[in-house]
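The structure under discussion appears below in the form of structure tokens.
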Amino acid sequence: MITMRDFFTGRLVPVLTILAAIVVIWYGAAVALNAPVLRDFEKRAGEQTQGMEFILKTWSQPKPTMPAPHQVAAAFWKYTVGVKLSSNRSLIYHSWVTLSATLLGFAMGTALGVVIAISIVHVPALDKSLLPWIITSQTVPILAVAPMIIVLLAAIGVTGLLPKALISTYLSFFPVAVGMVKGLRSPDILHMDLMRTYSASRSQVLWKLRIPASVPFFFASIKVAIAASLIGAIVGELPTGAVAGIGSKLLAGSYYSQTIDIFAALIAGSICAILLVTLVDITGRFVERRMGVKP
Amino acid sequence: MSTMPVISARNLDLVFQTGDGSVQALSDITLDIEKGEFVSLIGPSGCGKTTLLRVIADLEKPTAGSITVNGTTPENARLDGAYGYVFQQAALFPWRTIADNVALPLEIMGLGAEEKASRIKRNLDLVNLTGFEKKFPWQLSGGMQQRASIARALAVEPDMLLMDEPFGALDEIVRDHLNEELLKLWATTKKTVVFVTHSIPEAVYLSTRIVVMSPRPGRIHEIIDCDLGDDRPLDIRETPEFLRIAHQVRDGLREGHSDEA
């Protein structure tokens with residue numbers, strides 16, 4: 001992830017070098033992957049192109065196996081800047097649909113994770129009984145569970161934003177729960193003893209010691225959780241044949257072999273992820289500063 | 001007229017169960033501490049001096065014997081806010097400013113805003129930290145942090161201060177200075193102080209009585225009166241009387257050690 005500070009600390013050059021390498025490999029891969037189909041096509045048409053001409057052709061197929069970077073860039077530009085926001089083809093519109101499910105799911109997942117963590121820390125029995133189930137829940141392949149959740153909820157009349165958000169919740173509560181259990185247990189014994197000398201109640205210990213001490217753990221957790229939420233929302237859009245959202249664009253693209261559109265949608269998804277993680281990062285830094293963390 | 005001792009321990013035993021057997025941390029401790037005394041617990045590590053302080057504070061439970069604090073159980077005394085405890089480290093909350101750290105016990109006690117503000121001001125003043133209210137702990141030196149933690153303990157306005165090697169981590173100069181301030185504080189407030197240390201000069205300089213402890217098992221070896229009077233400038237440490245008591249403490253510590261050889 002690139003932030004403003006990187007421009008000054010010199011991380012930009014290495015990052016750009018890697019980016020350049022990726023683009024070069026990508027162009028190479030486009031040639032290699034599109035060549036067989038193109039050869040086949042030319043053989044049937046009775047044509048024969050060679051050398052640079054052939055390579056350029058592999059980079060400009062309308063439905064390539066592997067679209068070239070500039071094709072993806074052009075499509076991305078067209079579907080973001082080139083169309084109206086309200087248009088069904090606007091990636092910004094679709095991103096917003098996915099983001100709203102992501103944020104709702106993330107909010108619910110974070111709340112659930114925190115509640116679970118607080119319960120586990122305060123009820124020793126839950127530590128042994130609940131935690132294994134929480135871990136088990138994440139071993140279930142979400143791609144298999146998501147259609148069932150969507151279909152089941154649709155059967156009882158719940159459609160739209162909520163089912164997708166619930167899949168986000170399912171993925172995002174886990175890192176928050178695990179991270180917050182650790183965070184709420186992070187106060188050192190000295191501070192716990194201090195609270196005991198004041199005869200502080202459990203809720204006072206929670207609010208005045210455990211929760212403030214867990215803040216760094218909280219932000220580390222929700223950084224993972226928000227990325228997981230986005231994946232959850234996109235996965236949630238796949239099985240329904242949803243009419244909107246990045247997931248639906250990916251699905252439509254694969255129905256009609258619109259590989260360029262698929263890649264453009266992927267780029268949109270990545271940008272959403274970067275925005276969300278950066279937002280969490282900035283919020284985390286702001287809160288830490290307010291809490292007097294040594295700069 | 002005899003008054004009841006503030007702390008009265010009778011035949012205290014404390015055995016810790018650890019992974020490889022049990023450790024006798026305290027053995028047959030019998031000790032009375034009167035109101036307004038400044039009592040130091042001194043001894044090598046493992047002699048149970050901190051453990052004894054923690055029993056008084058109800059941070060540990062004795063396995064045998066009896067103890068009363070303010071005529072009641074240590075637990076009731078703790079619930080009554082009988083003491084302020086100062087730890088070896090300042091143990092300030094890093095996310096709270098100095099003023100908010102001092103406010104912590106007051107918030108837990110549920111004091112009103114006005115009372116809280118006046119206690120914060122008064123006690124920070126007492127430890128010479130006026131002007132540092134808005135600083136965070138990391139912005140203060142170790143000595144200042146420890147002073148803030150003393151202000152925090154005093155803000156509860158307890159009759160008794162329990163101090164566990166509060167100046168152990170500080171350098172000699174800061175330590176001398178804080179010893180002087182602590183003595184002044186004790187002289188003006190007449191609180192009962194139980195003070196754990198492993199420094200002989202510190203114990204002799206501060207105390208009215210010195211409890212010499214010895215290790216394995218932790219027990220009281222000797223109790224030495226230290227009647228240097230109320231007025232104790234730092235250079236009292238050069239006087240023959242001071243050196244005599246210091247010598248006595250050192251002999252006590254040495255004997256305590258030789259027991260086990």
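Throughout, protein chains are lettered first and strands after them, A, B, ... in sequence-line order, and every chain is numbered starting at 1.
- For the set B:Phe136, B:Tyr85, B:Trp138, the entry with the most heavy-atom pairs within less than 4.5 Å of chain A is B:Trp138.
- A donor-acceptor pair shorter than 3.5 Å can be found between the side chains of B:Arg152 and A:Tyr198.
- When heavy atoms are compared at a cutoff of 4.5 Å, B:Leu92 approaches chain A solely by way of its backbone atoms N, CA, C and O.
- Interface remark: B:Ala91 contributes backbone and side-chain atoms alike to the contact with chain A (heavy atom separation under 4.5 Å).
- Interface remark: of the candidates B:Gln89, B:Gln139, B:Arg96, B:Arg78, B:Arg78 forms the most heavy-atom pairs closer than 4.5 Å to chain A.
- Note that the CE atom of A:Met195 and the CD1 atom of B:Ile108 stand 3.5 Å from one another [nearest 0.5 Å].
- With 3.5 Å as the limit, one finds no donor-acceptor pair spanning the side chains of B:Asp13 and B:Thr63.
- Looking at A:Val215, neither its backbone nor its side chain comes within 4.5 Å of chain B, counting heavy atoms on both sides.
- Here the shortest heavy-atom pairing between B:Leu161 and B:Lys191 reads CG-CD, 4.4 Å.
- Between B:Arg10 and B:Asp32 there is a salt bridge, with a side-chain nitrogen of the basic residue lying less than 4.0 Å from a carboxylate oxygen of the acidic one.
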